[in-house]
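Chain letters run A, B, ... following the sequence lines, proteins first and then strands; every chain starts at 1.
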Amino acid sequence: MGLVTPGIGLVFWTTLAFLIVLFLLGKFAWKPILSSIKEREDSIEGSLKAAENAQKEMQALQSKNEELIFEARKERDLLLKDAKETSDKMISDAKSKSKLEGDKMIVHAREEIANEKAAALSEIKEMVSSFSIEIAEKLLRDKLATDGSQKALVSRYIDDLKLN
Amino acid sequence: MSFKKHPTHIALLLALIFTASPFLSKASESEKIKGFNAGEMIMHHVLDAHDIHIMDGLTIPLPVILYTDNGIDIFSFSNFYDENHSTTSVYKSESTGYAYAYNRGHVYIADESGMINTDEAGSITNVAPLDFSITKNVVGMLLSILIMFLIFLSVAKGYRTNRGKAPKGIQSFMEPLILFIRDEVAKPSIGRRHERFMPFLLSIFFFIWITNMLGMIPFLGGLNVTGNIGVTAVLAMFTFVITSFSANKGYWSHIIMPPGVPLWLLPIMIPIELVGVVSKPLVLCLRLFANITAGHIIILSFASLIFIFQASSGDSTALGVSIGSTVFLVFMNGLELLVAFLQAYVFTLLSALYFGMATEEAH
């Protein structure tokens with residue numbers, strides 16, 4: 001029966017000892033241990049949450065970046081298209097302008113040529129006329145070198161006068 | 001304050017054990033010839049004692065503290081030893097005037113001639129004073145408390161020094177266990193208000209576990225603290241008291257007025273519910289006591305087998321039996337190591353469940 005009869009002394013000492021354990025360990029071990037575990041867990045959880053938030057932000061930023069890049073690309077394309085159009089227009093403008101100018105120049109040149117030509121022709125005419133006068137003079141001089149011929153001429157003039 | 005850094009703690013511990021004026025007995029040859037009584041040896045180891053029997057020839061007597069109507073008597077148990085290391089001497093106290101005699105684990109007030117008297121049925125008729133002695137189990141308990149203090153104060157210190165960092169050393173060994181009690185025992189059983197019960201659950205878990213393990217260390221006097229019904233009864237009583245005091249209105253109303261039960265059934269239901277309230281701590285107490293005591297008895301029985309065979313069939317048979325016995329002993333020790341943890345866990349888990357029931361919110 002000794003096995004199943006609790007002794008009063010042991011009951012007393014166990015109660016006392018366990019109360020001491022409960023009090024001392026509760027105060028100096030369990031409380032600080034549990035609170036620091038909780039603190040650490042909270043901090044880890046907080047860090048994880050912060051990391052998750054940062055990741056989310058990163059993702060948002062990335063999508064925003066992509067959007068920006070997309071927009072920028074679109075704008076670039078637009079700009080390029082514009083530029084091309086402008087340059088094409090400029091080229092064609094220049095082309096047409098140069099053609100116009102060229103035409104103008106050609107017309108001008110033609111006019112000039114014509115003027116020059118006219119001037120040259122008139123000069124030539126003048127020269128020809130002076131030459132022909134000189135030739136005529138010379139011819140006349142040769143023809144009228146003799147008295148007879150002079151007389152003949154005068155008589156023809158007189159004839160002519162007579163006729164008049 | 002880890003063990004590695006402070007070997008002085010262990011030295012102190014050992015000194016504490018061995019400076020208690022070890023009484024070197026001279027076991028006479030005649031005792032050995034009488035044969036081997038396994039039952040007596042086992043019961044001697046399993047029961048509480050007033051001395052620590054390390055091995056034959058080395059027994060540490062412990063202080064006897066008696067509370068009598070004439071006052072308190074404190075004296076060493078070695079006063080009961082006679083020259084043959086039997087406990088037949090009578091100790092006469094100066095202060096209270098009583099003469100004490102010892103018989104099978106109990107101290108009695110001896111009659112005028114220094115005798116212990118029995119009636120016809122064989123039970124002792126002498127008056128037994130209240131025995132508050134520092135017995136073997138009290139020493140074992142103090143030892144395990146000392147170990148708990150060494151471990152957990154150092155763990156707590158670890159938390160102070162590496163605040164917010166990963167645990168180090170003994171701290172990293174204990175943290176998973178503490179978290180296990182919190183996350184696997186307290187939280188699922190009690191729920192939101194588990195924090196209030198954590199100090200008790202941790203204390204009881206580590207107290208039972210360490211004490212169970214201490215009982216498995218050989219040459220420590222075969223400590224059987226958690227295999228003593230007095231100890232387990234107190235532990236269960238703690239659970240019972242905490243359950244009762246933290247219980248809310250819903251818990252009590254379920255007992256006094258179980259919902260959905262017709263009125264005429266109440267005279268039957270209320271006693272049944274009350275039995276349930278009492279049986280919970282009773283079962284806690286008995287389970288731990290029975291498991292640990294049974295483990296001790298089995299291990300001691302296997303060891304006894306060798307000596308039983310030696311006494312009956314001679315040395316060569318005993319040698320053969322000892323091989324088988326040792327194999328079983330190793331197996332049983334492994335099993336007991338598991339049981340030591342398991343029983344601590346079960347006690348803690350059930351306590352937590354009872355707390356959970358008591359604090360459950362009405363639904």
Side-chain angles (χ1 to χ4, degrees), chain A residues 1-70, chain B residues 43 46-48 65-67 104-106 130-135 137-138 141-142 144-145 148-149 151-153 155-160 162-167 171 174-175 178-179 182 195 198-200 202-204 206-207 225 227-235 237-238 285-286 289 293:
Chain A
M1 273 314 280
L3 200 58
V4 286
T5 351
I8 182 155
L10 198 57
V11 167
F12 168 74
W13 288 115
T14 311
T15 311
L16 188 71
F18 196 74
L19 278 175
I20 291 169
V21 166
L22 212 55
F23 177 71
L24 286 183
L25 279 187
K27 198 165 160 117
F28 297 111
W30 305 134
K31 220 168 133 190
I33 287 172
L34 287 169
S35 69
S36 40
I37 285 179
K38 197 160 167 41
E39 192 180 295
R40 200 178 58 205
E41 276 175 343
D42 285 349
S43 89
I44 288 171
E45 206 175 326
S47 310
L48 280 175
K49 231 173 226 165
E52 204 178 321
N53 281 347
Q55 206 179 10
K56 255 183 209 160
E57 245 164 65
M58 271 280 283
Q59 258 168 359
L61 230 94
Q62 216 163 15
S63 64
K64 209 172 163 190
N65 269 359
E66 257 161 42
E67 212 170 286
L68 268 172
I69 286 171
F70 180 72
Chain B
M43 287 319 276
V46 167
L47 286 177
D48 203 358
I65 302 169
L66 299 173
Y67 182 82
R104 289 175 179 274
H106 295 284
L130 292 178
D131 189 352
F132 289 99
S133 303
I134 306 293
T135 57
N137 283 345
V138 177
M141 206 149 57
L142 294 178
S144 80
I145 288 171
M148 277 177 89
F149 279 151
I151 292 173
F152 291 107
L153 292 183
V155 170
K157 198 182 158 202
Y159 279 102
R160 268 204 310 281
N162 4 313
R163 195 168 197 90
K165 291 196 201 115
Q171 195 192 350
M174 286 301 164
E175 185 172 311
I178 294 169
L179 289 181
R182 195 193 64 179
E195 273 167 23
M198 277 307 289
F200 174 75
L202 286 169
S203 297
I204 204 133
F206 285 108
F207 179 75
V225 182
N228 187 293
I229 200 157
V231 175
T232 59
V234 169
L235 297 181
M237 198 51 90
F238 268 100
C285 155
L286 288 179
F289 154 73
T293 302

What heavy-atom pair brings [X] and [Y] nearest, and what distance separates the two atoms?
X	Y	value
F152(B)	I178(B)	CE2-CD1, 4.5 Å
P199(B)	L22(A)	O-CD1, 4.1 Å
A29(A)	A156(B)	CA-CB, 3.9 Å

Handout entry: All pairs passing side chain to side chain donor-acceptor pair (under 3.5 Å) where residues 52-69 of chain A contributes a residue, at least two apart
Key =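 Found none.
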Practice task
Count the heavy-atom pairs under 4.5 Å between each of V46(B), L130(B), I204(B) and chain A, then report the option with the highest count.
Solution key: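 Highest number of pairs under 4.5 Å: I204(B).
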Handout entry: Test side chain to side chain contact (heavy atoms under 4.5 Å, CB included) applied to A17(A) - qualifying residues, sequence neighbours left out
Key =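 So A17(A) forms a side chain to side chain contact (heavy atoms under 4.5 Å, CB included) with M141(B), I145(B).
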Using non-hydrogen atoms only, which part of [X] is less than 4.5 Å away from chain A: side chain, backbone, both, or neither?
X	value
F207(B)	side chain
L235(B)	side chain
L202(B)	both
M43(B)	side chain
V234(B)	side chain

Exercise for the section: Pick one of side chain, backbone, both or neither for I44(A), based on which atoms fall under 4.5 Å of a heavy atom in chain B. Expected result: neither
Problem - Side chain, backbone, both or neither of L34(A) within contact of chain B (heavy atoms, under 4.5 Å) - result: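 For L34(A), the side chain is the part near chain B, not the backbone.
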Close side-chain approach of [X] and [Y], heavy atoms under 4.5 Å:
X	Y	value
I229(B)	C285(B)	yes
F289(B)	V231(B)	no
I65(B)	I134(B)	yes

Please report all inter-chain donor-acceptor pairs (under 3.5 Å) between chain A and chain B, with distances to 0.1 Å.
from   : atom 1 : to      : atom 2 : distance (Å)
G9(A)  : N      : D131(B) : O      : 3.2
W13(A) : NE1    : F132(B) : O      : 2.6
W13(A) : NE1    : S133(B) : O      : 3.3
W30(A) : NE1    : S203(B) : OG     : 2.8
E39(A) : OE1    : R163(B) : NH2    : 3.1
E39(A) : OE2    : R163(B) : NE     : 3.2
R40(A) : NH1    : K165(B) : O      : 3.0
R40(A) : NH1    : E175(B) : OE1    : 3.4
R40(A) : NH2    : E175(B) : OE1    : 2.9
R40(A) : NH2    : E175(B) : OE2    : 2.3
E41(A) : OE1    : R182(B) : NH1    : 3.1
E41(A) : OE1    : R182(B) : NH2    : 3.1
E41(A) : OE2    : R182(B) : NH2    : 2.7

Handout entry: From M174(B) atom CE to I151(B) atom CD1, the distance as rounded to the nearest 0.5 Å
Key =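 Between M174(B) CE and I151(B) CD1, I get 4.0 Å after rounding to 0.5 Å.
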